[in-house]
J.: 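Got a structure for you, questions after.
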Amino acid sequence: MKVRLISILLFVIFFSNANAQKLELGKVSVVELEEKKHPKDTTAAAAILFNKARTYFSYDAKNGFSIHTENTFRIKIYKKEGLNWANRKVAYRIGYEKGNNDMVEFDDCVTYNLENGKIIKTKLNSEGSFKTNVNQYWKEASITMPNVKVGSVIEFKYVLKSENILKFPDFNFQQDIPVNYAEYQTEIPGFFTYKAIKKGFLELALDSKIVRGNLIFNNKYDQSRSESVNFEQANNKYVAKDIPALKEEPFVDNIENYRLSIFHELEKEKFNDEPLKDYSVTWEGVAKRIYEDKDFGTELKERKYIDLDLAKILKNEETEIEKMEVVFKFVQNKMNWNGQKGYYTDKGVKQAYLDGIGNAAEINFILMAMLNRSGIKAEPVLTSTLEHGIPVYPNRTVFNYVIAAVEIDGKTILLDATNKYTTQNILPLYALNWRGRLIREDGSSTEIKLEPNSVSKKAINMMVNIDAKGKLSGNYKIIRTDYDAFSFRQEYSGINKENYLEKVEENISGLEITDYTINNLNNLSEPIVENFIFTTDNQCEIIGDKMYINPRLFFSQSKNPLVQEKREFPIYFGYPDQDRFNINIDIPTGYTVESLPKPIKIQTGDNIGSFVFNCAASDNKIQIVIVKEINQQLVSSDFYDVLKSFYKQMIDKQTEKIVLKKI
């Protein structure tokens, strides 16, 4: 069963009332300072004793509404590894068109230590507070708390003020260290309708109330005259307790997708007698608004700059597939990606083309321009990369990347020319994030599946000889296809052969490699094929008159990658893949087979994974066939125990020994 992240991760939550603790800055206790380790996570280097935040609105006739967020923290340091929690950074936006920048101010910043049974307070002075420019749109306010040591408790507060009501602040209940208590209160006037969306698997309690309010303000045309408006306000208080640290686990796509948090999306705005502003949008509206932007629609239509080169590269190609391959390789080789994502151009496609370098939009717009000019219809597909999150509802901000889609003979082909090793339907791994959106100028759009359809394969063939002393030698051949080939090219293409072989020999102690060859490293449409001759003297154990050999030789896997007792996150494999081992071992002269591991076939159910192991002896040879398949990119955590058992059985079987006995 494939997990659907929408239904698991994102939903509006309305629970019953929660009784919040009375936790305030300045009330640090001796008990907190004396505590040596976290009571529920003894490995924690630090813990947040409480984090309370409040978001509310203010109004003035000149600038309109502003959003204010007060955020308070009390943090306990248990180990020296936790000292970095004494530093805090808050990013805030600048460079708005109207010139009204966000503002951040820190306050009540105090370090508490216990000395000779007395609580000693050290306040932050101006030397520990900084504001730095990040780029033309962002600044960063930061503090470095004074006199912090193991055992300290620190407290601080900051206030973020913004006039950008579209960007309601996010609040993270869960951190990378345990959080004893987290509370977030929102006070939203009835002029605004926000959709509250929760991420994460842990529970939140909500106390929700509607209160009445009154706003008095000066008339914007006549400052001597005041106006008054009554309104209803939604006060929501979200509470979570005893929140465990969010820790990286194997097979996770983006850990931020699972952090317990709340964010808000503005749907409607209606103030006093002003007209209604409806921000809730459809995919049609998203597509139209994006195309209307000059850095998208206009740039996508720009094509004359490519005509000369296009005439040179297209000569005898007749089919659309042939033309597409030639154009794609040309753009891929000519253009260099500057590492900037996004779906708007920066300097423009023409300048990027002349420079040979551009952002993701510029490079893939050039690709689409050349394809369209060649008579092949190519259209943009908006995507959200793994680190950006999951695109769920219609909004421009849910995307941060763009690729190209071509339809030939009824089949959709996805292309991304930013990477030197991609090819048809092989995208960078960070782009394989659930669904993309193909958009058209008329506002129509189509959901595009980004998960790979085909299984990437890795086939290993080995012919092995064993001498009387247990030394192994033989021929090794490995064939990699699709994403296995892509990943190999991306990781090793920049490394020369000698360094690569040194790395292989380093990873497999005692292995010596000669006569190494590799084919199709730069022929991206073909599988990568490696061949070499190897020798090793530490893969066969001799005890008395018996030899003990691991069936997978130096590819043995001894540790289960799934070690957690309980798993809440989906299990992310990246792409469907198959590993196949065909190993033929010559039985050494003077020996015979005493025992072989028994064949086994394991199925997980729901077509998630399978494992087949066969080992047989015939004509003085041992034939071993091992096949492991993972057929899905993302698997629900409901199958965690099944997969954990699957890996355990697989590893147990592969670590059983082939036993040879002297005749």
Side-chain angles (χ1 to χ4, degrees), residues 1-13 48 51 91 167-179 182 184 194-204 238 240 243-265 286 341-343 381-403 427-437 447-452 483 561-564 566-576 608 630 632-640 643-644:
M1 177 187 294
K2 192 171 289 188
V3 67
R4 293 299 301 266
L5 289 183
I6 288 180
S7 60
I8 290 179
L9 299 184
L10 303 173
F11 51 89
V12 182
I13 181 166
I48 295 175
N51 174 201
K167 180 56 180 170
F168 199 100
D170 300 343
F171 182 78
N172 292 329
F173 293 85
Q174 192 170 25
Q175 304 287 347
D176 298 339
I177 56 176
V179 180
Y184 184 41
Y194 285 93
K195 177 168 57 180
I197 302 171
K198 170 184 175 280
K199 287 198 302 182
F201 296 98
L202 302 174
E203 287 190 357
L204 284 177
Y238 304 89
I243 309 164
L246 185 68
K247 297 179 180 179
E248 290 282 356
E249 296 181 10
F251 303 113
V252 172
D253 49 354
N254 174 18
I255 196 71
E256 293 303 319
N257 288 338
Y258 313 111
R259 189 182 298 277
L260 181 62
S261 59
I262 286 283
F263 63 99
H264 291 75
E265 183 73 16
V286 169
K341 297 173 183 173
Y343 53 83
V381 176
L382 302 179
T383 73
S384 174
T385 57
L386 286 176
E387 79 282 357
H388 188 66
I390 305 160
V392 177
Y393 48 86
N395 192 294
R396 290 186 299 170
T397 62
V398 300
F399 298 113
N400 72 325
Y401 201 66
V402 62
I403 59 175
L427 305 173
L429 295 176
Y430 55 73
L432 301 182
N433 191 20
W434 200 49
R435 299 286 190 271
R437 200 89 195 173
E447 188 176 73
I448 297 291
K449 176 186 173 185
L450 297 174
E451 301 104 312
Y483 275 98
L562 302 176
V563 297
Q564 297 86 5
K566 182 181 178 183
R567 172 91 172 208
E568 293 178 329
F569 307 155
I571 300 97
Y572 176 78
F573 292 104
Y575 48 86
I608 294 171
I630 296 294
Q632 297 184 16
Q633 181 191 39
L634 194 69
V635 179
S636 166
S637 60
D638 294 341
F639 281 86
Y640 178 71
L643 281 168
K644 187 176 180 180

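Quick note: numbers below take in every heavy atom, side chains included, and nothing from hydrogens, waters or symmetry partners. Remember, predicted model here, so these are calculated numbers, not experimental data.
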J.: Contact between Lys199 and Ile390 at the side-chain level, heavy atoms closer than 4.5 Å - yes or no?
T.: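 No, every pair of side-chain atoms sits at 4.5 Å or beyond.
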J.: Is there a donor-acceptor pair closer than 3.5 Å between any side-chain N or O of Lys198 and the backbone N or O of Gly200?
T.: yes
J.: Let me confirm one number: the CD-CD1 distance from Glu249 to Ile255, rounded to the nearest 0.5 Å.
T.: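 It comes to 6.5 Å.
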J.: Side-chain contact test, heavy atoms from C-beta onward, threshold under 4.5 Å: evaluate it for Lys341 versus Glu387 and give yes or no.
T.: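 They are in side-chain contact.
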J.: Whether the side chain of Arg259 engages the backbone of Gln174 through a donor-acceptor N/O pair (distance < 3.5 Å, no angle test) should be reported.
T.: yes
J.: Tell me if a side-chain donor or acceptor on Thr383 pairs with a main-chain N or O of Gly436 at a distance below 3.5 Å.
T.: no
J.: Ring centroid separation for Phe263 and Phe168, is it under 6.0 angstrom?
T.: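 Between Phe263 and Phe168, the centre distance exceeds or equals 6.0 Å.
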J.: Taking side chain as C-beta onward, heavy atoms only, is Lys195 less than 4.5 Å from His264?
T.: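 Lys195 does not reach His264 side chain to side chain.
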J.: Taking the six-membered ring for Trp and the single ring otherwise, decide whether the centroids of Phe399 and Tyr343 are under 6.0 Å apart.
T.: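 No, too far apart.
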J.: CZ/Arg437 to CG/Leu382 distance, rounded to the nearest 0.5 angstrom?
T.: 10.0 Å
J.: How far does CZ of Phe573 sit from CG of Leu643, to the nearest 0.5 angstrom?
T.: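 If we round to the nearest 0.5 Å, Phe573:CZ and Leu643:CG are 5.0 Å apart.
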J.: Working to the nearest 0.5 Å, report the span between CG of Asn433 and CG of Leu429.
T.: 12.0 Å
J.: When you compare the side chain of Leu450 with that of Ile403, does any pair of heavy atoms fall below 4.5 Å?
T.: yes
J.: Tell me whether Gln633 contacts the main-chain N or O of Gly574 through its side chain, where contact means a donor paired with an acceptor under 3.5 Å.
T.: yes
J.: Between Tyr430, Tyr258, Phe569, which is the residue that forms a side-chain contact (heavy atoms from CB on, under 4.5 Å) with Asp253?
T.: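 When side-chain contact (heavy atoms from CB on, under 4.5 Å) is applied between Asp253 and each of Tyr430, Tyr258, Phe569, only Tyr258 qualifies.
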J.: Could you measure the distance from the CG atom of Leu562 to the CD1 atom of Ile571? Nearest 0.5 Å is fine.
T.: 7.0 Å
J.: Quick one: are Glu451 and Pro576 in side-chain contact, heavy atoms under 4.5 Å?
T.: no
J.: Roughly how far, to the nearest 0.5 Å, is CG of Leu432 from CG of Leu634?
T.: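 One gets 11.5 Å once the value is rounded to the nearest 0.5 Å.
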J.: Report yes if the side chains of His388 and Tyr401 come closer than 4.5 Å at any heavy-atom pair, otherwise no.
T.: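 Not touching, per the 4.5 Å side-chain cut-off.
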J.: Is a donor on one side and an acceptor on the other found under 3.5 Å between the side chain of Asn51 and the backbone of Phe173?
T.: no
J.: Could you tell me whether a side-chain N or O of Tyr483 sits under 3.5 Å from a main-chain N or O of Leu427, the two making a donor and an acceptor?
T.: yes
